[in-house]
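Everything below concerns the one structure shown next.
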Amino acid sequence: MMMCLIIIKRKGLYVNMGYRKKIKCENRKKGKSILAFPSDYVVLDIKTTGFDPCWDEIIEICCNRYINNNLDQIMTTFVNPDKPIPDHITQLTQITGQMVMESPKIKDVLPEINKFIGDSIVLGQCVYYDINFLHDAYIYEFGEGIYSIENDYIDLIRIAHRFLPDLPNYSLAMIAASIGVNISGIYRATFGCDMTHLSYQKCKEIANNNPNKEELLKNKYSKKTKACDIVRNSDQVNEFHPFYDATCVFTGKLEKMIRKKAMQIVVNIGGYCNDTITRETDYLILGDYDYCKTIIDGKSSKYKKAEDLKIKGQDIEIISESVFYDMIHEYQYPFVID
DNA sequence: TCTCCTCGAGATCT
DNA sequence: CTCGAGGAGA
């Protein structure tokens, strides 16, 4: 009798899986990932039957609200996923099908979760994972526009990368262990929340003692190598080459080599490179800039400026990427495309 | 100089 | 998802 029930349930599962709605990631309306150390937040951890929000189900949720860094309210529950829990998940979490059988379904839990989280900042380890699960569950269970989770969130892993450099990896257990937070406990949502909170507070302390705190919290933008900083690194100057003593400017992304390398070749021939079109510019080399949304009419600002100067009588050549390579080859300039 | 774009590589979530 | 490299534009 028991066996029959299980089989029927499993049959039902396969049917349901076929109807599972796939929610496109790019359509998810979500908050921003922020780098800060607020004192009021909700820690979130979710355990599921697997990694994929499209096909896997939530089996445990824990939310802890902290006000002024102190625990204010706890909300934790098992969730009946209406499908079997894979063995490897049971091994990991020690959550069995038996344990969640009498638990509420996700549809009954979600409104409470939504209310509990409210508009708090959400803290967690790789929280976007948990947030994605919640987001998709809201939509799948209630449709668009009823519940949402557009809260800004703090990812412990991002903070750890900046304030705990050089860890062998950045799993929650590793982060916690490296700063003396107890990691011996059952792999469960409540424990995950506790570890996350304690690690976060430790990181906050460490950050406050770091003189570069503000700098480390900033969003990083990579430093560009300026064209004028490229210096000749070979003695293969060719004074008969058109690029010799000429100033070249690149626009768009080159297909066959990175811009820096192309600039290096020009400089090695005996030419100069610049980042902007000026009266000194002799060549503009066009790469591909189709991907750039800011370009509306198909021509970059450098292209337009070069055309403008050409009309005004400046001797400026606008050439394509392939012509650029031809010119290099024509004059027997050795280079390798890697 | 600063902000915002694309894209590829790499890591963590269960 | 994040970061870094590379790039455009104000």
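Quick note: numbers below take in every heavy atom, side chains included, and nothing from hydrogens, waters or symmetry partners. On a predicted model such as this, the values are computed, not experimentally measured, just so you know. Residue numbers start from 1 in every chain, and the chains themselves are labelled A, B, ... in the order their sequence lines are given, proteins ahead of strands.
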| query | So what does Lys305(A) touch, heavy atoms closer than 4.0 Å: a base, only the sugar-phosphate, or nothing? | reply | nothing

| message | Taking any heavy-atom pair under 4.0 Å as a contact, classify Thr49(A): base, sugar-phosphate, or nothing. | response | nothing

| message | Checking Ile269(A) against Gln236(A) for the side chain to side chain contact (heavy atoms under 4.5 Å, CB included) test, could you report, in this order, the C-alpha distance in whole Å, the side-chain angles of both residues, the deciding distance, and whether it holds? | response | CA-CA 6 Å; Ile269(A) 288 171; Gln236(A) 291 169 311; over 6 Å; no

| query | Does DNA chain B take part in any stems of at least 3 consecutive Watson-Crick or G-U pairs (both distances under 3.5 Å), and if so, which ones? | reply | B:1-10 with C:1-10

| Salt-bridge contact Asp136(A)-Arg28(A) (side-chain N to carboxylate O under 4.0 Å) | yes

| Salt bridge check: are Lys218(A) and Glu215(A) linked by an N-O gap of less than 4.0 Å? | yes

Write down the distance between [atom1] ([X]) and [atom2] ([N]), rounded to a whole number of angstrom.
| X | N | atom1 | atom2 | result |
| --- | --- | --- | --- | --- |
| Asp275(A) | dG7(C) | CG | P | 10 Å |
| Ile159(A) | dC1(C) | CD1 | P | 18 Å |
| Leu216(A) | dC3(C) | CG | C1' | 14 Å |
| Leu156(A) | dT2(C) | CG | C1' | 14 Å |
| Ile230(A) | dG6(C) | CD1 | C1' | 12 Å |
| Leu167(A) | dG10(B) | CG | C1' | 16 Å |
| Lys218(A) | dT2(C) | NZ | C1' | 20 Å |
| Met263(A) | dA5(C) | CE | P | 17 Å |

Might you list the N or O atoms of the protein lying below 3.5 Å from N or O atoms in nucleotides 11-13 of chain B, with each pair's distance?
{"residue": "dT12(B)", "atom": "OP1", "partner": "Tyr170(A)", "partner atom": "N", "Å": "2.2"}
{"residue": "dC13(B)", "atom": "OP1", "partner": "Leu172(A)", "partner atom": "N", "Å": "3.0"}

| Parallel under 30°, tilted from 30 to 60°, perpendicular over 60°: which one fits the rings of Phe37(A) and Tyr200(A)? | tilted

| message | Would you call the rings of His197(A) and Tyr66(A) parallel, tilted or perpendicular, taking 30° and 60° as the class edges? | response | parallel

[X] side chain vs [Y] backbone, donor-acceptor pair below 3.5 Å:
| X | Y | result |
| --- | --- | --- |
| Arg162(A) | Leu216(A) | yes |
| Lys305(A) | Ile277(A) | yes |
| Glu60(A) | Ala189(A) | yes |

Any side-chain N or O of [X] under 4.0 Å from OP1/OP2 of [N]?
| X | N | result |
| --- | --- | --- |
| Lys260(A) | dA5(C) | no |
| Arg259(A) | dA8(C) | yes |
| Lys30(A) | dC1(C) | yes |
| Thr251(A) | dA8(C) | yes |
| Ser301(A) | dG9(C) | yes |

| query | According to the salt bridge (charged side-chain N to carboxylate O under 4.0 Å, His left out) rule, which pairs have a member within residues 87-108 of chain A, sequence neighbours left out? | reply | Asp82(A)-Lys105(A)

| query | Taking the side chain of Arg162(A) as its heavy atoms from C-beta onward, which of dC3(C), dT2(C), dC1(C) lies nearest to it? | reply | dC3(C)

| query | Taking only residues two or more places apart in sequence or in another chain, which ones pass side-chain contact (heavy atoms from CB on, under 4.5 Å) with Ser148(A)? | reply | Glu150(A)

| request: Not counting sequence neighbours, which residues clear side-chain contact (heavy atoms from CB on, under 4.5 Å) with Asp308(A)? List them please. | output: Lys312(A)

| Are Pro104(A) and Phe78(A) side-chain neighbours, meaning at least one heavy-atom pair lies under 4.5 Å? | no

| query | For residues 276-283 of chain A, which residues have at least one heavy atom under 4.0 Å from DNA chain B? | reply | none

